[in-house]
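Model, not experiment: these values are computed from the prediction.
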Amino acid sequence: MAITKIVYILLILFTFTVSPAISTAPEDCDISSENPCINKARALPLKIVAIVAIITTSLIGVMAPLFSRYISFIHPDGNGFMILKCFSSGIILGTGFMHVLPESFEMLSSKCLNDDPWHKFPFAGFVAMVSGLVTLAIDSVTTSLYTVKNTVGQEPDEYGIDQEKATHTAHGYGAVLATKDEGSSDPQLLRYRVIAVVLELGILFHSMVIGLSLGATNDACAIKGLIIALCFHQLFEGIGLGGCILQADFRNVKKFLMAFFFTGTTPSGIFLGIALSSIYRDNSPTALITIGLLNACSAGMLIYMALVDLLATEFMGSMLQGSIKLQIKCFAAALLGCAVMSVVAKWA
C-alpha cells in the first residue's frame, strides 16, 4: 500500500511538472484575470486551515469504528453497527455517483480540450465502466491468491482448535486491541480483508486528486466552501472505511497504518498542490485529462465496491435476510448516506 501511494504521488508530480511545457490552454479558457477571488496570498492560509480540519475529521471518522466496541449502540455484533455500515456504504456510493463521476464528465467535456476525440466519445463513462470491471478482476484474483496463500501448508488440528480459532476470528472483530491470526484461512475473513484493501486503494486515488485540486487552486472563495464540504466528506467516508478495516480484523499495526494513510492522503495532496500552484492550471488540457481520467477510474472503483462488496454483501447476508425490519432500516440508512453526499455535492 505504501509503494502504491508513493508511485501515485510521483506520477502526479511528474505529470504536472511537465504540463506547462507540453500543454497550453486556449486563450478563451483563461478565467483567472476575470475572477476577483483569485488571490494566492488569501488562499494559502485557507489551505493550511483545510489541512488541519481535514486531518482532524478524517482521523475521527476512520478511528471511530475501530473503538466501537466501547459504545453499546454501535457494538460490532449489534443492529446499530449494521445500520451504520449501510449508511457509510451509502456515503461511498454517493461519493462515486455525485462527486467523482460528474466531475470527470465535466473535465473531459471541457471547452479547453480539443473537439476530437474528447467531445466525440464519452471517455469518463467508458473509463469508469472499465475501472469497475478491472476492480472486479482484482477483487477476484486477490481473493484467490489470498486464500491459497493462507491455506497452503496448514494442517487441521485433530482437536478442532484451528476451526475454533477461525470461528472466533470471524465473529470477534469488535476488539481493536485484540491480537488476531493474520494467517487465518476463514473465507469470510479473507473476503473482508480484500474488500478493505481494495476500497482503501480507490479512496486513496480520490483523496489524492481532491487534495491536489484544492492545494493548486488560488480561488479563495471556492476554498472556503470546500473546507466545510470536504470535512463532512472525509468524516463519513472515514466511517465507511473504518468499518471495513474493523471487519477485516487486521493486526493493530496494520489497522492504524491503513487509518494513517487515509488520514494523510488528502493533506498530502494539498501540500503537493501548493508546491505546484505556480505552474499548475486547472484549465490546461493535461490537467483536465489527467484528473478527469483518474476521477473516472476512482468512480468506477468506488461504485463497484459500494454496490457489490459492501451493500450487496450485507443485504444478502444472514443477518439482514433474517429480519425484514432490519433490512428496511438499513436501506433507509443507505439512502440517507446517498442523500447526504448529494447535498454536499452542491459545494464540493
How many angstroms lie between atom [atom1] of [X] and atom [atom2] of [Y], to the nearest 0.5 angstrom?
| X | Y | atom1 | atom2 | value |
| --- | --- | --- | --- | --- |
| Leu294 | Leu212 | CG | CG | 9.5 Å |
| Phe256 | Leu66 | CZ | CG | 6.0 Å |
| Leu302 | Leu201 | CG | CG | 10.0 Å |
| Asp139 | Thr135 | CG | OG1 | 8.0 Å |
| Asn79 | Lys329 | CG | NZ | 7.0 Å |
| Leu288 | Asn295 | CG | CG | 11.0 Å |

Subject >> Side-chain ion pair, Asp219 and Lys40, N-O less than 4.0 Å >> reply: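 No, Asp219 and Lys40 are not salt-bridged.
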
Would you call [X] and [Y] a side-chain contact if the rule is heavy atoms closer than 4.5 Å?
| X | Y | answer |
| --- | --- | --- |
| Val62 | Phe260 | no |
| Thr95 | Ile203 | no |
| Lys85 | Gln247 | yes |
| Leu199 | Asp309 | no |
| Lys47 | Asn218 | yes |
| Met82 | Cys330 | yes |
| His99 | Ile210 | no |
| Leu136 | Val308 | no |

Original post:
With respect to Leu214, which candidate in Leu46, Ile51, Leu226, Val209 satisfies the side chain to side chain contact (heavy atoms under 4.5 Å, CB included) definition?
Top reply: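 The single option meeting the side chain to side chain contact (heavy atoms under 4.5 Å, CB included) with Leu214 is Leu226.
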
Heavy atoms of other groups near [X] [atom1], more than 12 under 6.0 Å:
| X | atom1 | value |
| --- | --- | --- |
| Ile228 | CD1 | no |
| Phe232 | CZ | no |
| Phe105 | CZ | yes |
| Gln321 | CD | yes |

**OP:** Is it possible for you to say whether Met319 and Phe315 belong to one hydrophobic cluster, with membership spreading through side-chain heavy-atom contacts below 4.5 Å?
**Re:**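 Result: yes, single cluster for both.
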
Original post:
Under a single-linkage definition using a 4.5 Å side-chain heavy-atom cutoff for Ile, Leu, Val, Met, Phe, Trp and Tyr, are Val49 and Ile274 assigned to the same hydrophobic cluster?
Top reply: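 Shared cluster, yes.
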
Between [X] (side chain) and [Y] (backbone), is there a donor-acceptor pair under 3.5 Å?
| X | Y | value |
| --- | --- | --- |
| Ser104 | Val100 | no |
| Thr57 | Ile54 | yes |
| Ser131 | Val127 | no |
| Asn114 | Asp116 | no |
| Ser207 | Phe262 | no |

Original post:
What residues, two or more places apart in sequence or in another chain, satisfy side chain to side chain contact (heavy atoms under 4.5 Å, CB included) together with Val130?
Top reply: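 Val130: side chain to side chain contact (heavy atoms under 4.5 Å, CB included) contacts with Phe126, Val134.
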
Subject >> The single option from Glu237, His233, Glu103 passing side-chain hydrogen bond (donor to acceptor under 3.5 Å, both in side chains) against His206 >> reply: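 With His206 as partner, Glu237, His233, Glu103 yield a single side-chain hydrogen bond (donor to acceptor under 3.5 Å, both in side chains), made by His233.
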
Work out which heavy atom in [X] is nearest to a heavy atom in [Y]; give both atom names and the distance.
| X | Y | value |
| --- | --- | --- |
| Ile289 | Leu108 | CA-CD2, 3.9 Å |
| Leu310 | Ser89 | CB-OG, 3.4 Å |
| Ala229 | Val344 | O-CG1, 3.6 Å |
| Gly202 | Ser298 | O-OG, 3.3 Å |
| Leu204 | Phe261 | CD2-O, 3.7 Å |
| Thr265 | Met208 | CG2-N, 3.6 Å |

Original post:
Can you say whether the rings of Phe121 and Phe123 are parallel (under 30°), tilted (30 to 60°) or perpendicular (over 60°)?
Top reply: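 The arrangement is perpendicular - the two ring planes meet at more than 60°.
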
Subject >> Verdict with supporting geometry, Thr143 and Leu190, side chain to side chain contact (heavy atoms under 4.5 Å, CB included) >> reply: CA-CA 7 Å; Thr143 301; Leu190 295 178; 5.5 Å; no

**OP:** Could you walk me through whether Arg193 and Asp249 pass the salt bridge (Lys or Arg N to Asp or Glu O under 4.0 Å) test, one step at a time?
**Re:** CA-CA 8 Å; Arg193 289 176 176 173; Asp249 204 29; 5.1 Å; no

**OP:** Using the test side chain to side chain donor-acceptor pair (under 3.5 Å), find all partners of Thr266 that sit at least two apart in sequence or belong to another chain.
**Re:**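 Gln234.
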
